[in-house]
Amino acid sequence: MLQINFIRQNIDLVKERLSVKNFGDLSLVDKVVDLDEKVRKLKAESETLQAQMNAASKEIGMLMGKGDKDAAEKKKQEVAQEKISIQQLSEQLAAAEKTLHDEIVKLPNLPHISVPKGKTPEENVVVREGGKKPTLPATAVPHWDLIKKYDLVDFETGAKITGSGFPLYKGKGAKLQRALIQYFLDYNTAAGYTEYLPPLMVNEATAYGTGQLPDKEGQMYHVTEDGFYLIPTAEVPVTNIYRDEIVKETDLPIKMTAYTPCFRREAGSFGKDVRGLNRVHQFDKVEIIQLVNPDNNSYDVLENMVNHVEKLLNFLELPYRILKLCGGDMGFTSALTYDFEVYSAAQERWLEVSSVSNFENFQTNRMKIRFKDATGKTQLLHSLNGSSLALPRIVACLLENNQTESSIELPKVLHTYFGSSKI
RNA sequence: GGAGACUUGUCCGAGUGGUUGAAGGAGCACGCCUGGAAAGUGUGUAUACGGGAAACUGUAUCAAGGGUUCGAAUCCCUUAGUCUCCGCCA
């Protein structure tokens with residue numbers, strides 16, 4: 001959520017930045033400013049009346065204390081009149097505040113100054129590429145065939161148990177998941193991230209905090225009986241750990257990592273993109289999250305996280321590229337996003353495996369995650385997060401890119417974790 | 001799932017309708033004391049929003065929401081959470 005004070009003081013800048021994100025309705029900015037003015041006016045009126053009433057009530061209390069019942073009764077009558085107008089005014093105020101809030105949450109985060117203009121994914125900018133695309137044997141096949149050949153994932157039985165898009169990992173396929181999760185977590189904790197294992201279902205307030213509600217409601221599985229949502233990413237429960245908290249400046253930065261399954265309805269998606277492990281309803285992911293002091297440049301932290309994920313891909317010996325997303329392709333809450341894609345050699349296409357973003361204070365404003373600075377002032381933190389990494393597409397690439405006639409050769413870092421150098 | 005107890009500031013803990021944003025203590029910060037420290041001692045120590053150049057000031061907040069009342073931390077209702085016992089269960 002953007003800060004209303006900031007909008008009020010930077011109307012033109014806000015509009016200009018929103019246009020980079022191709023935000024359609026710039027008049028919403030004016031609307032929000034008008035609503036804010038209305039709220040403030042009503043608030044001033046209402047509080048003045050309230051102050052009068054509080055003073056009168058105190059007087060009555062004092063009169064009662066002195067035993068002057070008649071005077072107290074008289075005062076009561078007077079106050080009773082005022083009470084009605086206070087009620088009316090506070091109803092108006094509450095309605096105005098709700099309207100303001102409903103409108104302001106529709107405004108997406110402002111993109112960072114360096115975000116390229118653009119509407120479609122084609123306009124994302126390739127920052128750099130790394131790794132080497134392999135030369136595959138003539139007999140090379142996509143991962144969904146390799147999965148069958150080595151009996152790693154049973155999609156059909158997964159569909160029988162739950163539905164399509166719920167893979168059942170099996171044997172070495174299951175073990176590879178475990179090995180990757182373990183490796184990613186070890187790699188992250190070695191870099192100073194604290195490991196968490198959060199609840200996989202969250203309540204409404206939590207889903208709202210990271211911005212999944214209200215606009216991405218359809219993306220999440222909803223347990224209506226209890227009002228819970230299955231998490232679409234560890235970002236949701238983990239960032240909310242600090243919701244409504246004021247932390248000490250000396251505790252910063254807060255670095256957290258978590259492995260969780262992720263659940264996504266992906267309503268309406270189908271076709272060749274969703275074959276095999278390319279897009280599923282349940283998948284495993286390890287996430288990294290940082291809450292940092294906004295006075296230190298949080299974009300340095302973003303670069304740092306990008307380098308962290310990039311090194312991981314180097315260790316996995318996968319060919320990758322890093323994209324800086326254009327305004328139109330960025331998420332609602334993000335100020336700057338880098339996507340990581342790995343090259344799936346048999347499918348001959350790039351697959352997104354990580355998305356690293358700086359949200360500045362957009363999420364923390366919603367969640368009221370703050371710290372006390374040196375002067376004793378409370379300030380919002382900046383939040384950042386990224387995947388390190390999402391497993392299914394990594395697995396797809398590991399399988400495809402490392403296939404030989406009779407085996408799949410795993411990168412060295414996984415040998416100990418997997419207990420073997422090949423499948 | 002059933003029965004009961006409870007939920008106050010950073011923490012502990014008073015407080016059953018009236019100058020209570022909230023006693024007291026601990027912690028923390030600053031000062032005094034000290035050669036230095038401990039002890040002692042003094043002062044200060046929530047958040048949000050609004051007004052004001054500032055000093056300061058108004059409103060709200062005692063789990064959350066609603067109600068009764070001129071007035072609620074205190075009374076009533078609803079919800080959530082914690083604990084204890086029973087049931088069930090990995």
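By convention in this document, chain letters (A, B, ...) are assigned in the order of the sequence lines, proteins followed by strands, and residues within each chain are numbered from 1.
Classification of A/D102 and A/K98 as a salt-bridged pair holds, one side-chain N sitting under 4.0 Å from a carboxylate O. In this structure, A/E37 does not pair ionically with A/R40, as no charged nitrogen and carboxylate oxygen lie closer than 4.0 Å. Salt-bridge annotation for A/E97 and A/K43: present, with a side-chain N of the basic residue lying under 4.0 Å from a carboxylate O of the acidic one.
Side chain to side chain, A/Q363 and A/S383 meet the donor-acceptor criterion of an N or O pair below 3.5 Å. Side chain to side chain, A/E287 and A/Y193 fail the donor-acceptor criterion of an N or O pair below 3.5 Å. In this model, a donor atom of one side chain and an acceptor atom of the other lie less than 3.5 Å apart for A/T206 and A/N203. A donor atom on one side chain and an acceptor atom on the other are not found under 3.5 Å apart for A/Y259 and A/E195. Of the N and O atoms on the side chains of A/R243 and A/N240, at least one donor lies less than 3.5 Å from an acceptor on the other residue.
For A/R370 and B/U47, the shortest distance from a side-chain N or O to OP1 or OP2 is not below 4.0 Å. Between A/T378 and B/U47 there is no side-chain polar atom (N or O) within less than 4.0 angstrom of OP1 or OP2. Between A/Q50 and B/A60 there is a side-chain polar atom (N or O) within less than 4.0 angstrom of OP1 or OP2.
The distance from atom CD of A/Q3 to atom P of B/A48 is 12 Å, rounded to the nearest whole Å. Atom pair A/D251:CG and B/U10:C1' shows a separation of 13 Å (rounding to whole Å applied). Rounded to an integer number of Å, the gap from A/Q87 CD to B/U69 C1' is 12 Å. Rounded to whole Å, the distance from CD on A/E225 to C1' on B/G1 is 14 Å. One interatomic measurement links the two molecules: CD1 of A/I84 to P of B/U69, which rounds to 12 Å at whole-angstrom precision. One can place NZ of A/K372 at 9 Å from P of B/U10, the figure rounded to the nearest angstrom.
If A/M64 and A/I60 are placed on RNA chain B by their nearest nucleotide, the residue sitting closer to the 5' end is A/M64.
Judged by distance alone, with hydrogens and angles left aside, A/E47 brings no side-chain donor or acceptor close enough to the base of B/G50 to form a pair under 3.5 Å.
Residue A/K58 places its side chain closer to B/U19 than to any other of B/U19, B/G50, B/G58. Set against B/G50, B/G71, B/U47, the side chain of A/S57 has B/G71 as its closest nucleotide. With distances taken from any side-chain atom of A/M62 to the nucleotides B/C70, B/U19, B/A60, the minimum falls on B/U19. For A/V79, whose side chain is taken as the heavy atoms from C-beta onward, the closest listed nucleotide among B/C70, B/U47, B/A60 is B/C70. Closest to the side chain of A/N54, from the set B/A46, B/G50, B/A60, is B/A60.
B/G15 and B/A48 have their C1' atoms separated by 26 Å, with the value rounded to a whole Å. Taking atom P on both B/A63 and B/G58, the two are 24 Å apart, rounded to the nearest angstrom. Taking the P atom of each, B/G21 and B/A60 are spaced 9 Å apart, rounded to whole Å. Spacing between B/C12 and B/A64 at atom C1', rounded to whole Å, works out to 24 Å. Comparing the C1' positions of B/U69 and B/G18 gives an interatomic distance of 12 Å, to the nearest angstrom. Of the C1' atoms belonging to B/A22 and B/U74, the separation is 12 Å, rounded to the nearest Å. Comparing the P positions of B/U61 and B/A73 gives a spacing of 7 Å, expressed to the nearest Å.
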Notebook entry, point to check: Can you give the dot-bracket line for RNA chain B, where a pair is Watson-Crick or G-U wobble with both atom distances under 3.5 Å, crossing pairs use [ ], and | marks a partner on another strand?
Noted result: ((((((((.[[[..)..(.....]]]((((((.......))))))((((((....)))))).[[[[[..)....]]]]])))))))....
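A/A56 comes within contact range of no nucleotide atom at all, as no heavy-atom separation falls under 4.0 Å. Heavy atoms of A/K75 sit nowhere under 4.0 angstrom from any nucleic acid atom.
A/E245 CD: more than 12 foreign heavy atoms inside a 6.0 Å radius.
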